[in-house]
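First the structure, in the form of structure tokens, and then the observations on it.
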Amino acid sequence: MTQAPPDAEARRAISPVICYPIDTLPVPDLGLYHSARATAGKVGEVLVPPREGRCFEVKAGQFFRISSVEGPQVGDLNLHNLHDLKERFFSGKTRALHGTHVTTGERLWSNLPYLRPMATIIEDTLGWYGIDPFGGSVHDVIGTRCDPYTGNLLAGGHYHHCCHSNLTRSLADHTGLPLSEAEMLVHDVLNVFMCTGFTRDTGQYFMKASPVRPGDYLDFFAEIDLLGNLSACPGGDCSSEHSSDTAACHPLLVEIFAPVPGALDGWSEPPVNAYDRSHGR
């Protein structure tokens, strides 16, 4: 380890600066969304089996709910623009804007050059959890998804029911794309219900048993037409490992709701980002 300079403590004591102040971000009209949600009727559902992935479609102005239905279970969520799969959820920018974990009133943003809200969280039954003494919290945008490549790198073998492979198979099945093309569209996730953080001593990403229980849910408002893709993680509640055939795993339920006509008067779909894309040329 290198020797600390004489002014080391002074350097450490410098106050942090928030990289992206969000005072000027458009604020979602949660009052409108909640009133529209109260009128909404169920128009579809998808049950995601344990250690598998499933796709679902949600139209702009509809709502979708992800629920724990049989036991504690975490899920890995991808979102795409239904009409342009190149536009997809950007976990890194969502993290930079809202923090490492997301909850009610925060949004899932799309990748560059689109950079617009794809979905808004309107209700989170685990919002009470906050940040625990270990620095853990729920619904993270820091983990990348369990995948067979990292598993092979660290332990050898070829485990196929990790979230990356689940999402790849699911997207291929839903779109008709070959696996090789579908895999390139799978992206970093919202870890629904997963409890995670960074260790204070080494800064390593950790997971711990999720506080989710049957009946808990996340409710989203779809800001654009969406193709969702959800994997029921092979780690179950992620209390011990996240690529496993031995962890207790349970299904996840996705339900889709449509509000009555007129319930969203005054709302409009967010446009793609207005940057002119000239990049100084």
Output, in order, the C-alpha distance, side-chain angles, deciding distance and verdict of side chain to side chain contact (heavy atoms under 4.5 Å, CB included) for F193 and L252. CA-CA 11 Å; F193 305 139; L252 291 170; 4.0 Å; yes
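- Here the CG atom belonging to D188 is positioned 10.0 Å from the CZ atom belonging to R88, to the nearest 0.5 angstrom.
- Nearest heavy atom pair, residue C146 against residue C162, reads O-CB, 3.6 Å.
- No side-chain N or O of N111 forms a donor-acceptor pair with one of Y114 less than 3.5 Å apart.
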Assess the residue pair R107 and E223 against the criterion (salt bridge (charged side-chain N to carboxylate O under 4.0 Å, His left out)); give the C-alpha distance rounded to whole Å, side-chain angles, the decisive distance to 0.1 Å, and a yes or no. CA-CA 10 Å; R107 300 176 124 169; E223 300 281 356; 2.9 Å; yes
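- The two residues L179 and R169 come nearest to each other via the heavy atoms CD2-CA, 4.0 Å.
- At distances below 3.5 Å, not a single donor-acceptor pair connects side-chain atoms of S110 with backbone N or O atoms of M118.
- D76 has no carboxylate O lying under 4.0 Å from a charged side-chain N of R145, or vice versa, which leaves the two without a salt bridge.
- Judged purely by atom type and a 3.5 angstrom limit, Q62 uses its side chain to pair as donor or acceptor with the backbone of K59.
- In this structure the side chain of P26 never reaches within 4.5 angstrom of the side chain of P270, judged on heavy atoms.
- Remark: the backbone N or O of G136 is paired with a side-chain donor or acceptor of D132 at under 3.5 angstrom.
- Checked by atom type, the side-chain pair S170/N229 shows a donor-acceptor distance below 3.5 Å.
- In this structure, CG in D23 is found 10.5 Å from CD1 in I18, a value given to the nearest 0.5 Å.
- The distance from atom CZ of F206 to atom SG of C238, rounded to the nearest 0.5 Å, is 12.5 Å.
- Going from atom CE of M184 over to atom CG of L177 covers 12.5 Å, rounded to the nearest 0.5 Å.
- With hydrogens and angles disregarded, a donor-acceptor distance shorter than 3.5 Å links the side chain of D147 to the backbone of T150.
- A donor-acceptor pair is defined here as one N or O able to donate and one able to accept, closer than 3.5 Å; no such pair exists between the side chain of S231 and the backbone of N166.
- The shortest heavy-atom contact between Q73 and A232 is NE2-C, 3.4 Å.
- Within the 4.5 Å cutoff, the side chain of V189 has no heavy atoms near those of the C163 side chain.
- Look at D140 and R95 and you find no salt bridge, because none of the NZ, NE, NH1 or NH2 atoms lies under 4.0 Å from a carboxylate O.
- One hydrophobic cluster holds both Y20 and F90 under the rule that ILVMFWY side chains link at heavy-atom gaps under 4.5 Å.
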Begin from the C-alpha positions of L171 and H80 and carry the test side chain to side chain contact (heavy atoms under 4.5 Å, CB included) through to its verdict. CA-CA 10 Å; L171 188 61; H80 298 265; 4.1 Å; yes
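- A donor-acceptor contact closer than 3.5 angstrom links the side chains of D216 and T125.
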For a ring-ring contact (aromatic ring centres under 6.0 Å, His included) check, start with the C-alpha distance between F64 and F56, then their side-chain angles and the critical distance, and finish with the verdict. CA-CA 10 Å; F64 66 101; F56 57 94; 5.4 Å; yes
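- The closest side-chain donor-acceptor pair between S165 and T168, if any, does not fall under 3.5 angstrom.
- Not a single donor-acceptor pair under 3.5 Å links the side chain of D124 to the backbone N or O of L218.
- Side chain of S67 to main chain of V69: no donor-acceptor pair is present (N/O by atom type, distance under 3.5 Å, no hydrogens or angles).
- Looking only at side-chain heavy atoms (C-beta outward), Y33 and I121 stay at 4.5 Å or farther from each other.
- More than 12 heavy atoms of other residues, nucleotides or ligands shown are found within 6.0 angstrom of NE2 on H83.
- Atom CD in E87 sits 11.5 Å away from atom CG in L82 (nearest 0.5 Å).
- Nearest heavy atoms, N78 versus L185: OD1-O, 4.4 Å.
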Start with the C-alpha gap between D237 and V212, add the side-chain angles, then the distance that decides, and say whether side chain to side chain contact (heavy atoms under 4.5 Å, CB included) holds. CA-CA 8 Å; D237 69 355; V212 69; 5.7 Å; no
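- Side-chain atoms of N191 and T196, non-hydrogen and from C-beta on, never get closer than 4.5 Å to each other.
- Side chains of L226 and E57 form no contact here, defined as non-hydrogen atoms less than 4.5 Å apart.
- Two rings, from F63 and F220, have their centers 6.0 Å or more apart.
- There is a path of hydrophobic side-chain contacts, each under 4.5 Å, that joins V254 to V43.
- For the residue pair P50 and P251, the shortest heavy atom distance occurs at CG-N, 3.7 Å.
- Among all heavy-atom pairs drawn from H98 and L25, the shortest one is CE1-CD1, 4.3 Å.
- Between the side chain of H34 and the backbone N or O of I122 there is at least one donor-acceptor pair closer than 3.5 Å.
- Because its NZ or CZ atom is both nearer than 6.0 Å to the ring centre of F257 and within 45° of the ring axis, R37 counts as a cation-pi partner of that residue.
- H250 places none of its side-chain heavy atoms less than 4.5 Å from the side chain of S68.
- In this structure, the side chains of H101 and I142 come closer than 4.5 Å at one or more pairs of heavy atoms.
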Derivation and outcome, side chain to side chain contact (heavy atoms under 4.5 Å, CB included), residues W267 and E269: CA-CA 7 Å; W267 172 83; E269 181 176 327; 4.2 Å; yes
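- Under the 3.5 Å distance criterion, the side-chain polar atoms of D84 are left unmatched by any main-chain donor or acceptor of N81.
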Test log, rule salt bridge (charged side-chain N to carboxylate O under 4.0 Å, His left out), inputs D173 and R54: CA-CA 9 Å; D173 290 346; R54 291 291 186 273; over 6 Å; no
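- Side-chain contact between P211 and W128 is present, with at least one heavy-atom pair separated by less than 4.5 Å.
- A side-chain donor-acceptor contact under 3.5 Å links T94 to the backbone of W109.
- Hydrophobic cluster membership differs between V186 and Y159, with clusters built from Ile, Leu, Val, Met, Phe, Trp and Tyr side chains linked at under 4.5 angstrom.
- There is no path of hydrophobic side-chain contacts, each under 4.5 Å, that joins L190 to L97.
- Both V74 and I66 belong to a common hydrophobic cluster when Ile, Leu, Val, Met, Phe, Trp and Tyr are linked at side-chain heavy-atom distances under 4.5 angstrom.
- Rounding to the nearest 0.5 angstrom, the gap separating the CG atom in L126 from the OG atom in S210 is 6.5 Å.
- Side-chain contact of H164 with E183: a donor-acceptor pair under 3.5 Å is present, judged by distance alone.
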